[in-house]
Enquirer: 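So that we are looking at the same thing, I have put the structure below in structure tokens.
When reading the values below, keep in mind they use all heavy atoms of this one structure, side chains included, and skip hydrogens, waters and symmetry mates. Letters go in sequence order (proteins before strands), and every chain restarts at 1.
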Amino acid sequence: MNARTGGFEFRKELFADERDDDLNEIGKRIRRQDIEGHVTGRSPFYDDHLFDGLLHMRCVRSPHHHARIGRIDTAEAERMPGVVRILTGKDVPQNLNTLLSLLDFGLDDEPVLSVDKAAYKGEPVAAVIAQTEAQARAAVKAVRVDWQPLPHVLDPEEALKPGAPTVCETYPGNAFVYHGKYDHQKLRYGDVEAALRQADHIVEGRYQMSPIEQAPIETCGAISAPEQNGRWVCYTGTQALFFSLGTASKVLNLPSSRMHFIGGTVGGGFGGKVDSIHEPLSILGAMLTGRPCKSQWDREEEMQVGAPRGAERWYITDGVMNDGRIVARKFTGYFDGGAYTRLTSYAVIKGVGHLPGPYTIPNVYADAYCVYTNRTPATAMRGFGITGVDFAIEAHMDKVAETVGMNPIELRILNAYRDGDMKAHRREAKNCAFIECCQVVAEKAGVTISPEARAASSKTGGGGERARLPAFTATDEHGRVEGFESGSYARKGGAPAAPGIPAELTPDRPSPPTLPTARPVETPPTPAPAPTTPDQEKPAARTPQRRSGAVRFSSISGFRRR
Amino acid sequence: MAKMPVTLTLNGMERAGFADPGQNLLEFLRRGLGDLSPKYGCGQGTCGACTVTIDGETQLACLVLAETTEGRTVGTAAGLANGAELDPLQTAFMDHFAAQCGYCTPGMLVSARALLDRNPKPTREDIIEAISGNLCRCTGYEPIIEAILAVSEGRTGP
Amino acid sequence: MTVVETYPTLAEAARAIGSDAAYMGGGTVMMREVNAGEAPARLVRTNDPALAQIRAAGDAISLGAGVTMSAILADSGLDFLHPVARQIGSPQVRNMGTVGGNIFSPHPYGDFAVALLALDARVTMAAGGARPIEELLRGRDHSPGLVASIDVPRPAPGAFGFKKVSRVKPKGVSVITIAALVNRTGGRVQNARIAWGGMGPGPVRGAAAERALQGQMIDDAMLDRLARTAAEGLDPPTDPLASSWYRREVAGVHLARLLRSMEGR
Ligand SMILES: Cc1cc2nc3c(=O)[nH]c(=O)nc-3n(C[C@H](O)[C@H](O)[C@H](O)COP(=O)(O)OP(=O)(O)OC[C@H]3O[C@@H](n4cnc5c(N)ncnc54)[C@H](O)[C@@H]3O)c2cc1C
Ligand code: FES
Ligand code: FES
């Protein structure tokens with residue numbers, strides 16, 4: 001590739017024998033297939049669709065980090081010019097959802113429009129639909145909400161302490177429940193405590209990373225409109241079209257065959273456009289008004305309520321020998337999920353699967369928590385689950401290098417994983433290239449490394465002894481919780497409850513409520529797909545609204561509960 | 001709510017529409033006149049996705065009152081190509097991978113075109129300055145700067 | 001909903017403004033409020049061509065309140081103001097934003113006003129009468145009326161310096177802005193005017209720095225002393241860009257650097 005433009009350099013001498021080097025596209029300059037639309041301004045982003053009579057939806061949001069919602073008085077706002085309708089939680093057919101329920105992971109914990117309380121600043125409690133955006137804004141200001149502020153918690157470690165306010169009633173202990181058993185995700189490999197006792201040095205560190213907003217230039221949103229044959233068309237900026245379709249289908253209680261999703265032209269996502277917030281809202285707006293309806297964040301909302309990459313805090317303790325070999329590594333990690341799960345539960349699993357980084361360490365231990373705080377819920381962002389802990393690990397490697405007086409690049413090469421090594425998640429490492437990367441880095445940075453480090457290779461020196469699982473792995477039961485069913489990742493061993501149990505009703509922490517066994521709830525009948533007038537086309541409300549612990553969204557058969 | 005009739009020249013054609021009181025030019029161009037090439041990114045003047053020219057100088061459509069453009073000449077990215085023939089900047093953006101998601105691209109191109117019209121041989125620093133009001137979150141500014149430089153130096157192809 | 005009224009002259013616009021209306025110049029600040037639905041019910045503006053005039057009579061320069069930053073940059077006679085205008089916003093913002101609007105732009109904006117304060121500009125109001133910009137800035141939150149033009153005395157060569165500290169370049173907003181007018185007699189500083197942005201609720205004079213400079217020769221020892229004391233008496237804000245503590249801590253260092261660069265050191 002042209003050094004002038006790309007700045008890429010191909011190091012084809014590395015692993016040359018593993019490649020045929022007959023690729024048609026890699027390493028060659030090609031035009032993106034969609035770039036002509038971009039440079040002519042014709043690429044159809046979701047907002048680039050004109051509808052006659054388009055309505056605009058804007059949300060009424062909590063000004064508090066944590067507050068009980070008393071009365072929501074929409075009377076004055078409803079009389080304002082241009083206002084067509086104001087939605088509250090009771091208008092949402094299935095007003096409790098968790099994104100990963102489509103993958104049968106986690107409990108429904110988040111309302112589309114909150115009813116009982118708001119658990120983060122900016123949480124929506126009502127949605128105004130008006131003829132112009134300006135009218136919607138004006139009416140939002142006229143909605144009166146009787147807020148009763150509650151104590152809040154903004155730090156994940158504070159949130160786990162006894163007596164901390166419960167952020168999300170679904171998880172009264174403020175931690176996601178893994179495997180129906182633990183308040184954290186565990187990794188146990190070998191015997192870290194014993195190895196730490198035998199190490200020449202103990203190196204400890206604490207690292208943290210702030211939340212990071214994806215900040216796409218196109219803000220999140222969607223436009224929905226009545227189509228023909230009882231269908232709703234939805235133009236969306238989602239990064240995950242079928243995920244958003246599935247989510248809309250679930251919360252609207254509407255088969256996906258009645259929704260026509262059009263997307264794929266995304267004005268930057270970086271993970272921030274998977275949360276599927278605008279699709280169900282705008283479709284609901286279109287259903288209840290019979291008119292095209294747009295839900296779109298302005299920039300301020302994108303920054304305030306758009307889910308960021310969550311904050312993480314990591315504690316690392318290493319046991320290191322004088323020659324630089326790391327014999328034990330122990331992690332305690334706190335992921336700040338914000339007020340609801342979204343994708344943080346998964347980020348934790350991904351992060352723990354990645355430990356202890358690209359190193360072969362015979363004893364590894366990790367406790368990683370997905371914690372609820374009264375912050376904006378966190379979600380995906382480029383490599384989420386990995387980025388924060390990788391920052392921690394690599395900063396820690398430098399600290400270790402300093403402790404044992406070694407060149408930090410050599411320390412990495414010495415401890416790097418190699419082909420055939422057993423990794424802490426009990427899979428053999430293959431196609432390793434970390435040593436080679438370190439060598440190139442040293443060369444580029446002008447850092448002199450020892451002849452041994454220079455001669456090291458990912459392809460040799462691994463396997464054998466290093467391929468064996470530890471003879472003994474120390475296990476424990478700490479962080480055990482009761483009341484959740486162990487068959488699934490975090491299914492509550494209980495019947496569906498009304499959403500948003502008031503905080504006082506929750507039993508003493510840490511044990512979550514013990515509830516009767518889950519009973520399958522029948523899927524309500526699907527409304528006939530005949531064209532209807534807007535008034536008749538009310539999404540079938542399911543009363544009482546229930547936790548869908550046992551109900552699975554079923555229109556995407558692949559995601560059906562097995 | 002009385003609407004204001006607005007007549008202006010958009011990309012060389014006389015166009016007319018009705019603007020709401022307080023409506024900004026971005027909304028008016030997009031919804032009123034159907035030119036969807038300028039984009040909304042912030043409504044605060046910060047991102048530059050809505051960049052257009054007014055009487056030849058770059059301005060931010062989100063910060064201009066639609067009704068104040070009566071009788072003026074407005075240019076957008078949709079007017080850069082001459083029929084089927086693309087502006088050399090458009091071709092260079094394609095060749096240099098200067099657009100990823102493409103959302104900032106129309107505004108970026110309007111700023112770049114205004115620069116080259118004013119200063120056909122800009123330095124790298126001139127280019128950086130000229131696009132400093134246009135945020136791009138994906139591509140990275142290097143390919144964009146390269147594409148503009150290539151046009152000013154008469155280079156074609158990647 | 002915001003209604004816009006456009007008048008042929010500034011005088012008429014000034015008369016039309018009541019308590020329910022605000023004036024709109026280039027609109028770079030005001031339109032944000034319109035877009036956010038937070039603008040007053042009426043916006044008043046004018047097409048008065050006099051507002052965009054730049055006049056120079058010897059060293060007395062008069063800028064119409066509607067002169068844009070780009071118009072200043074296009075005028076080679078205003079070279080001493082170019083480093084100021086060039087650092088305001090982006091090219092688009094400079095094509096739109098006016099001198100008059102800058103005087104009323106809230107923190108962290110108002111870089112041009114900081115320069116005007118150091119230059120001891122005088123402001124002519126639409127309702128007639130002129131007053132020092134310092135006085136206008138002090139009362140700017142209490143509807144002082146519309147500005148028609150600003151008289152800026154041209155500084156002696158080398159006597160005026162400007163520095164904007166920002167995190168992003170180009171186009172970052174100000175963490176601290178400093179303008180300095182340093183006149184001398186016999187090598188000693190006489191009646192220096194130091195103006196700060198980002199060190200108070202709006203542009204403010206640096207009394208401590210001015211005192212410290214009075215009658216002094218500028219040398220390294222003097223600048224080191226100045227760096228330590230320059231922020232005394234100032235109460236800078238804490239905002240997402242920097243804390244009050246940080247601003248106070250680094251303000252003097254930046255002032256000393258500016259003066260050093262003016263000395264060609
Ligand atoms: C992206 C962006 C970046 C910016 N960066 C900077 C920066 O780096 N530095 C900086 O200083 N500013 C910056 N600004 C702020 C702003 O653009 C400038 O301060 C500009 O000079 C304001 O002028 P305007 O004519 O646009 O003001 P307007 O928005 O028209 O008005 C602003 C205020 O001034 C009042 N006003 C305007 N004219 C008069 C008058 N003649 N008499 C009395 N009151 C009047 C208005 O009533 C209003 O209260 C930035 C703005 C944006 C959007
Ligand atoms: S939308 Fe106009 S600058 Fe961002
Ligand atoms: S290409 Fe996506 S913002 Fe620039």
Side-chain angles (χ1 to χ4, degrees), chain B residues 1-4 6 19-27 38 40-72 107-108 110-112 114-115 118-119 122 125-135 141, chain C residues 1-7 21-47 52 66 68-71 73-74 82-83 85-98 101 105 108-109 166 168-173 240:
Chain B
M1 200 169 51
K3 293 190 185 255
M4 299 281 296
V6 178
D20 285 336
Q23 188 175 41
N24 64 43
L25 179 63
L26 177 61
E27 276 297 297
Y40 168 87
C42 67
Q44 304 183 346
T46 320
C47 74
C50 67
T51 302
V52 299
T53 56
I54 299 182
D55 296 339
E57 59 178 30
T58 54
Q59 299 206 4
L60 299 163
C62 72
L63 298 185
V64 173
L65 277 171
E67 60 190 81
T68 64
T69 57
E70 171 68 31
R72 303 179 78 177
M108 198 67 88
V110 171
S111 285
L115 167 71
R118 194 169 68 237
N119 175 6
E125 285 62 43
D126 294 336
I127 294 173
I128 292 172
E129 180 65 53
I131 61 170
S132 63
N134 296 81
L135 300 184
Y141 297 101
Chain C
M1 235 91 337
T2 304
V3 180
V4 184
E5 300 164 17
T6 303
Y7 294 90
Y23 180 76
M24 181 150 117
T28 54
V29 172
M30 196 46 102
M31 270 306 279
R32 294 172 158 194
E33 292 175 31
V34 174
N35 292 338
E38 271 146 26
R42 288 168 58 232
L43 281 184
V44 169
R45 53 186 296 282
T46 174
N47 291 327
T68 62
M69 298 299 147
S70 295
L73 288 168
H82 289 183
R86 195 176 298 122
Q87 288 191 58
I88 290 179
S90 59
Q92 297 96 313
V93 169
R94 293 194 283 276
N95 286 339
M96 306 169 74
T98 66
S105 292
Y109 299 141
S166 49
V168 179
K169 290 188 194 70
K171 194 196 163 221
V173 289

Enquirer: Roughly how far, to the nearest 0.5 Å, is the SG atom of B:Cys62 from the CZ atom of C:Arg32?
Expert: 8.5 Å
Enquirer: Distance-only, no hydrogens or angles: does the B:Asn24 side chain make a donor-acceptor pair with backbone N or O of C:Met31 under 3.5 Å?
Expert: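 Such a contact is absent between B:Asn24 side chain and C:Met31 backbone.
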Enquirer: Which answer fits B:Ser111, side chain, backbone, both or neither, if we ask what part of it has an atom under 4.5 Å from a heavy atom of chain C?
Expert: side chain
Enquirer: Short question: side chain of C:Lys171, backbone of B:Asn134 - any donor-acceptor pair under 3.5 Å?
Expert: no
Enquirer: In terms of heavy-atom pairs under 4.5 Å, which option from C:Val168, C:Asn95, C:Thr2 contacts chain B the most?
Expert: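 Answer, by heavy-atom pair count under 4.5 Å with chain B: C:Asn95.
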Enquirer: Testing the basics here: between B:Gly133 and C:Pro91, what is the closest heavy-atom pair and its distance to 0.1 Å?
Expert: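 Shortest heavy-atom contact: N-CD, 4.1 Å.
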Enquirer: When you compare the side chain of B:Thr68 with that of C:Arg45, does any pair of heavy atoms fall below 4.5 Å?
Expert: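 When only atoms from C-beta onward are counted, B:Thr68 and C:Arg45 do touch, with a gap below 4.5 Å.
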Enquirer: Tell me, out of B:Leu65, B:Thr51, B:Leu115, who's got the most heavy-atom pairs with chain C below 4.5 Å.
Expert: B:Leu65
Enquirer: Rounded to the nearest 0.5 Å, what's the gap from OG1 on C:Thr68 to CD on B:Glu57? Could you check?
Expert: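 Interatomic distance, C:Thr68 OG1 to B:Glu57 CD, rounded to 0.5 Å: 6.5 Å.
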Enquirer: For chain B, which candidate among C:Val4, C:Val29, C:Val34, C:Leu43 shows the most heavy-atom pairs at distances under 4.5 Å?
Expert: C:Val4
Enquirer: Restricting to non-hydrogen atoms, name the atom on B:Leu60 and the atom on C:Met96 that form the minimum distance, rounded to 0.1 Å.
Expert: N-SD, 3.4 Å
Enquirer: Examine whether an atom of C:Met24 lies under 4.5 Å from a heavy atom of chain B, and if so say whether it belongs to the side chain, the backbone or both; otherwise answer neither.
Expert: side chain
Enquirer: Can you say whether B:Gln44 sits under 4.5 Å from chain C via the side chain, the backbone, both, or neither, judging by heavy atoms?
Expert: both
Enquirer: Rounded to the nearest 0.5 Å, what separation is found between the CD1 atom of B:Ile131 and the CD atom of C:Gln92?
Expert: 10.5 Å
Enquirer: Less than 4.5 Å to any heavy atom of chain C: does that hold for the side chain of B:Ile128, its backbone, both, or neither?
Expert: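 Both parts, backbone and side chain.
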Enquirer: Using a 4.5 angstrom heavy-atom cutoff, name the option from B:Gln23, B:Met4, B:Glu129 with the most pairs to chain C.
Expert: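 Looking at each option in turn, the highest pair count goes to B:Glu129.
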Enquirer: Measure the CG-CG distance between C:Asn35 and B:Leu26 for me, rounded to the nearest 0.5 Å.
Expert: 8.5 Å
Enquirer: For B:Arg72, which residues count as a salt bridge (charged side-chain N to carboxylate O under 4.0 Å, His left out) partner, sequence neighbours excluded?
Expert: B:Asp55
